[in-house]
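Presented below is the structure to which this report refers.
Throughout, residue positions are numbered sequentially from 1 according to the sequence presented.
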Amino acid sequence: MWINTPSARLAVASHRALRLKDARGARVRAVQGTLWVTIDNDPRDIVLEPGESFTVESDRPLVVMPLGACATLDVKSAASPPASRARLGSWLLALWPQTAAVAARA
């Protein structure tokens, strides 16, 4: 699935993983639960407690998994807010033409 949005709040169930590609500059923040972040071919393991965040510094795919029970995270793209709103507005236009004008003005 491909989702093109400037930010998202996602819940990841226990024993499940979220794989992010092309995420350089994105910020991953733990909202609820503890997250384990690992990057392909990177020796580091990043552990985020609620409220902590990590900015992705590479183009390599990364995997986010909850440690223990399910966890909730925010992912915010590196795009500037006006560009992000324009992207979101164009995506909405394809689905709901009346709503896209409101999103583009926000």
- So which heavy atom on P66 is nearest to which on A71, and how close? CB-CB, 3.6 Å
- Message: Does N41 have more than 12 heavy atoms from other residues, nucleotides or ligands lying within 6.0 Å of its CG?
- Response: no
- Message: A side-chain contact here means heavy atoms from C-beta on lying under 4.5 Å apart; do Q32 and P50 qualify?
- Response: no
- Query: Atom CE of M65 and atom CG of L35: how far apart are they, to the nearest 0.5 Å?
  - Reply: 10.5 Å
- Query: Does the side chain of L62 reach to within under 4.5 Å of the side chain of V56, using non-hydrogen atoms?
  - Reply: yes
- Task: Kindly say whether V28 contributes a backbone atom to a donor-acceptor pair with the side chain of S53 at under 3.5 angstrom?
- Result: no
- Note on the structure: Output for pair (D22 CG, D59 CG), nearest 0.5 Å, gives 7.0 Å
- When rounded to the nearest 0.5 Å, the distance separating OG1 of T55 from CD of E57 is 7.5 Å
- Task: Find the distance between CH2 (W36) and CD1 (I46) and round it off to the nearest 0.5 Å.
- Result: 10.0 Å
- Give, for atom CZ of F54 and atom CG of L73, the distance between the pair rounded to the nearest 0.5 Å. 13.0 Å
- Lys/Arg N to Asp/Glu carboxylate O, R29 vs D74, below 4.0 Å: yes
- Task: Using a cut-off of 6.0 Å, state whether more than 12 heavy atoms not belonging to R60 lie near its atom CZ.
- Result: yes
- Any side-chain heavy atom of L67 within less than 4.5 Å of one from V47? yes
- Query: Is there a salt bridge (charged side-chain N to carboxylate O under 4.0 Å, His left out) between D40 and K21 once you walk through the steps?
  - Reply: CA-CA 10 Å; D40 284 359; K21 292 173 52 179; over 6 Å; no
- Item | Spacing of S58 atom OG and D42 atom CG [to the nearest 0.5 Å] | 6.5 Å
- Quick one: which of L10, V31, V12 gives a side chain to side chain contact (heavy atoms under 4.5 Å, CB included) with T72? V31
